[in-house]
Peer 1: 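One structure follows; several queries about it will come next.
Whatever order the structure lists ligands and atoms in, that order sets their numbers, starting from 1. Heavy-atom basis, side chains included; hydrogens, waters and symmetry copies ignored.
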Amino acid sequence: MNKERKLIIAGNWKMNKTAAEALDLVRGLKLELANVKEVDIVVCPPFTALGAVSRDILDSNIRLGAQNMSENNVGAFTGEIAAGMLKEFSVRYVILGHSERRQYQKESDALISKKAQAVHAASLKPIVCVGETLAEREGGQTEKVLETQLRGSLAGLSKDQMVETIVAYEPVWAIGTGKTASTGQAELAHAFIRGVLAKMFDETIARRVRIQYGGSVKPSNARELMSQPDVDGALVGGASLEVRSFADIIRNSI
Ligand code: PGA
């Protein structure tokens, strides 16, 4: 597939896989995907499996991501993980503001922007998630919600930092539900997001930022989604937990 931006497909394993199970999964992926050069491949295991996975992918084309990070560097923050700790495991990407964290941990756009700045300060790359709920879509609020989340979560980033930021459009109603946004709905939202980035930064920056789609991505819909001009990759939950389905999503996207 000839894309303006290099595709980036990331597996968000959420709270799944012990370190031993994670190792099995990543070993399978390494074998299946060894020859893939056209896509940036990222896996985001839980913190407790980062060490095992990190050692195993050293010589591979698979990169490591984390699912969250503290906005603070060090200190009395029980249960939190800092950038320096992630860097020990050669983590390159950090998912921020996933809708599950927005919902269950009450993460706000303001907090996500602080975290994004901390991620960049450590020379890591944030994957900043935005997306509307079903009620917001049905109420005609999709664009307003996306613009508010983007302006809040990306506040304070420089143009150089924005280019190194990945945005993930994840309609909340499509996450883990089996309901995927239609290719038309996805492309419309992605083009809208790129337009907001152009207003916030400039056209050139907006054209360089990669925007992933997330929400029930599977082997059968990956090709059509990735063929949309403003869809530059995927953030995959459920289907990233098995070698076959994640590898097929990547192969079908090329
Ligand atoms: P899903 O999750 O692929 O299971 O819908 C996507 C995500 O939450 O990142």
Peer 1: Return each pair, listed once, that meets ring pair (Phe, Tyr, Trp, His ring centres under 6.0 Å) where at least one residue sits in residues 115-150; pairs must be two or more places apart or across chains.
Peer 2: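 Non-adjacent pairs meeting ring pair (Phe, Tyr, Trp, His ring centres under 6.0 Å): zero.
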
Peer 1: Under 3.5 Å, is there a donor-acceptor pair between the Ser245 and Glu242 side chains?
Peer 2: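 Ser245 vs Glu242: no donor-acceptor pair found between side chains.
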
Peer 1: Only pairs at least two apart or in different chains count here, so list each ring pair (Phe, Tyr, Trp, His ring centres under 6.0 Å) that has a residue in residues 155-212.
Peer 2: Tyr169-His190

Peer 1: Can you sort out the partners of Phe246 under ring pair (Phe, Tyr, Trp, His ring centres under 6.0 Å), two or more places apart, ordered by chain and number?
Peer 2: none

Peer 1: Give the residues near ligand 1 by chain and number, with the criterion being a heavy-atom distance under 4.0 Å.
Peer 2: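 Ligand 1 pocket, heavy atoms under 4.0 Å: Asn12, Lys14, His98, Glu170, Ala174, Ile175, Gly176, Gly215, Ser216, Leu235, Val236, Gly237, Gly238.
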
Peer 1: Looking at Glu132 and Arg137, does any basic side-chain N land under 4.0 Å from a carboxylate oxygen?
Peer 2: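 Looking at Arg137 together with Glu132, the answer is yes, because their closest N to O distance falls below 4.0 Å.
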
Peer 1: Would you call Arg251 and Asp248 a salt bridge, using N to O less than 4.0 angstrom?
Peer 2: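 Judged by the 4.0 Å cut-off on N to carboxylate O distance, Arg251 and Asp248 do form a salt bridge.
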
